[in-house]
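Remember, it's a predicted structure, so these values are computed and weren't measured experimentally. Just so we're on the same page: letters track the sequence lines, and every chain starts at 1.
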Amino acid sequence: MSENKDILLSIRNLKTHFHVRKRVIRAVDGVSLDVRAGKTLGLVGESGCGKSITAHTILRLLPKTARIKDGEIIFHSRKRQPVDLLKLQPSGKEMRGIRGNDISMIFQDPMSSLNPVYRIGDQIVESILEHENTTRAEAMERALEMLKRLSIPSAEKRIREYPHQFSGGMKQRVMIAMGLICNPELLIADEPTTALDVTIQAQILELMQELQRQLGFTIILITHNMGIVADVADDVAVMYMGKIMEFGSKEDVFLRPSHPYTRALLKSVPVLGNSGRDLLEPIRGSTPDPSDLPEGCSFAPRCDFAKPECGQAIPYVDVGNGHLVRCVLAEGREVRDGQ
Amino acid sequence: MGNEILLELKNIRKYFPVEEGMFRRTVGTVKAVDDVSLFVRRGETLGLVGESGCGKTTLGKIIVRLHKPTQGQLNYRLDDGGFKDLLSLDKQESFHAHRRIQMVFQDPYSSLNPVKTILSAFDEPMRVHGMASAKERKQRTADLLEAVNLRSEYMYRYPHEFSGGQLQRISIARALCIKPDLVVCDEPVSALDVSIQAQVLNLMKELQRRMNLTYVFIAHDLSVVEYMSNRIAVMYLGKIVELAGSGDLYSRYRHPYTRALLSAVPIPEIGAKKSRVVLEGDVPSPINPPEGCRFHTRCSFSQARCAQEEPPLRPYAEHEDHWVACHFAETLHQADDWVIQQP
């Protein structure tokens with residue numbers, strides 16, 4: 001991985017484990033990632049692969065059962081010295097200055113992430129008043145401006161309304177407004193459109209891209225939908241059982257997928273316009289128990305190309321231009337020629 | 001696949017009262033399904049798509065008679081070849097008709113009783129319908145579990161011992177245990193992980209071929225519906241706006257809503273960057289649906305006529321199997337901005 005000054009966030013060998021009733025769940029197990037400033041990184045994977053835990057570790061929002069075992073997360077902010085987020089106290093002053101301010105997050109379920117007993121405006125203003133030295137009236141003015149930017153109709157009236165008066169799509173816009181109100185450098189969006197209908201999803205994705213063009217923030221977009229990644233991401237990281245299996249530019253990952261898991265994932269989803277002509281190729285078996293992962297490659301039990309070497313340490317190989325693949329086959333490029 | 005019509009819905013309506021206050025005064029009605037007519041051929045898969053609240057699940061529940069429609073007919077082909085309205089049957093006939101139409105639900109975790117073994121979940125419907133002896137019923141359970149690629153010993157286990165994908169396969173097998181002709185599948189894969197979805201979808205296709213089943217496949221994911229269906233009905237606010245063969249619907253859609261829906265689906269391919277038709281605003285409330293065409297408030301081609309006159313679902317010129325509910329279906333697709341660039 002190149003040491004480059006347009007990297008905003010670089011994660012190295014991150015390990016977040018959970019201790020539950022004497023068992024250890026290695027939810028995030030050696031993740032290394034570079035997030036380019038001003039770009040969108042799509043983090044894809046199935047449920048339980050550790051993508052949300054990675055995001056929560058960045059913001060240090062982990063439950064008590066979690067232990068960060070190893071690694072570093074260097075945040076190269078324009079406003080401050082590079083800082084390792086893992087060295088900060090989760091509820092200390094410095095981390096609180098970053099969370100919600102320089103790095104903010106929007107969650108999957110807009111219905112439960114808003115407080116039902118406070119007005120929308122009061123909830124947006126809260127983070128401005130927490131992080132900046134302004135008056136309430138000024139903060140309200142900015143909140144109103146942000147709601148207009150998110151094309152919420154009759155924003156003057158709606159800013160005084162409560163969450164139950166908003167539809168799902170409108171609530172998600174409010175969540176985005178809250179995420180962007182302090183002008184963050186990094187926005188982590190965890191399945192922001194999964195709870196929404198497709199036409200509303202299209203509105204929200206379009207809006208996020210438009211705002212990114214205007215304001216220049218960086219996005220980490222967490223999703224299980226390969227279609228959304230192909231649509232909005234610049235870089236893609238494919239995650240499976242706590243590890244990044246493949247990382248590269250969107251073109252590398254979709255046009256030259258080099259990990260058997262990525263290839264299998266792409267072949268197992270129906271593509272609109274194919275009209276059922278080709279039968280889907282499902283991935284056999286199911287995901288392993290996270291507290292009892294196989295040695296070596298955790299995808300090997302489901303992989304069609306598994307070899308005896310897959311039980312050993314797996315190299316993370318650069319197959320060209322920062323296109324990284326965690327697979328024993330990647331070195332010889334046997335996968336790429338299609339077997 | 002024959003051309004025989006197995007099920008016909010005629011002018012089905014389902015209105016739910018909206019109640020308020022301590023005396024449950026009725027203050028309005030939700031028109032969940034409003035005047036829907038369609039038919040299902042024996043051996044085919046009819047897909048029902050639409051966004052949440054469009055009435056697709058209500059329609060599915062009407063077909064299995066978990067809801068009694070406010071109005072309309074549900075005609076079903078009986079063994080003697082005759083057509084009979086399932087809503088006018090007496091108790092005895094109605095009981096036997098229930099065997100023919102079964103349902104698979106969205107959430108496999110909540111559709112099996114957690115304190116009963118898989119065997120008893122299979123055994124009960126067969127016993128109720130008086131099928132075979134205890135020994136034969138056990139044999140049939142074993143055969144069905146094997147048909148969905150599970151081991152027959154699993155019949156002694158409880159639902160919590162299985163993964164989501166396995167449970168959904170068990171739910172499908174259970175729906176088949178009393179030999180139905182028609183299975184209504186309500187979002188059968190949307191609770192499953194992507195890598196598991198394909199297993200279940202392929203299995204459903206295979207079972208359909210082997211057992212000559214007819215499916216009504218309800219889902220919000222257009223790519224999944226297209227993969228499974230021979231014909232697709234698109235619903236919006238309780239009405240069918242377009243109905244066509246799945247290839248036709250994709251390449252020769254004629255309703256502006258279908259066009260917006262298709263263009264909103266993200267495609268997992270590079271270069272699939274297409275001009276997206278982004279709809280303004282949200283779906284209106286089904287309590288007070290717009291007058292005239294229900295889609296006119298969000299339609300970019302809307303004319304004065306659309307706000308007054310409701311377009312009927314009618315056959316579209318070129319194809320007998322293509323129905324559309326739009327006043328301007330014949331001319332709209334010639335508009336300059338109609339074409340969505342597809343990959």
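- Neither the backbone nor the side chain of L249(B) comes within contact range of chain A; no heavy atom of the residue lies under 4.5 Å from a heavy atom of that chain.
- If you take CD on E51(B) and OG1 on T199(A), they are separated by 3.0 Å, rounding to the nearest 0.5 Å.
- Chain A forms more heavy-atom pairs under 4.5 Å with one residue of V283(B), L279(B), V225(B) than with any other, namely L279(B).
- Interface remark: I228(A) contributes backbone and side-chain atoms alike to the contact with chain B (heavy atom separation under 4.5 Å).
- In terms of heavy-atom proximity, S268(A) sits nearest to S195(B) at OG-CA, 4.3 Å.
- Both the backbone and the side chain of V198(A) come within contact range of chain B, judged by heavy atoms closer than 4.5 Å.
- If you measure heavy-atom distances from E206(A) to chain B, the contacts under 4.5 Å come from both the backbone and the side chain.
- Note on M226(A), M170(A), Q201(A): by heavy-atom pairs under 4.5 Å with chain B, the leading option is M226(A).
- In terms of heavy-atom pairs under 4.5 angstrom with chain B, the leader among G169(A), A264(A), S47(A) is S47(A).
- The distance from the CG atom of D193(B) to the CD1 atom of I283(A) is 9.5 Å, given to the nearest 0.5 Å.
- With chain B as the partner, the residue from V253(A), L255(A), T287(A) showing the most heavy-atom pairs under 4.5 Å is L255(A).
- Taking CG of N202(B) as the reference point, atom CG of L279(A) lies at 4.0 Å (rounded to 0.5 Å).
- One N or O on the side chain of Q199(B) and one on the backbone of G285(A) form a donor-acceptor pair closer than 3.5 Å.
- Put simply, the side chain of Y227(B) gets close to the backbone of L280(A): a donor and an acceptor are under 3.5 Å apart.
- A heavy-atom distance below 4.5 Å is not found between the side chains of S223(B) and V269(A).
- Proximity to chain A is absent for every atom of Q197(B), based on heavy atoms less than 4.5 angstrom apart.
- Contacts with chain B were tallied for R284(A), Q203(A), E281(A), H224(A); Q203(A) has the most, counting heavy-atom pairs under 4.5 Å.
- Smallest separation of non-hydrogen atoms from E269(B) and V271(A): OE2-CG1, 3.8 Å.
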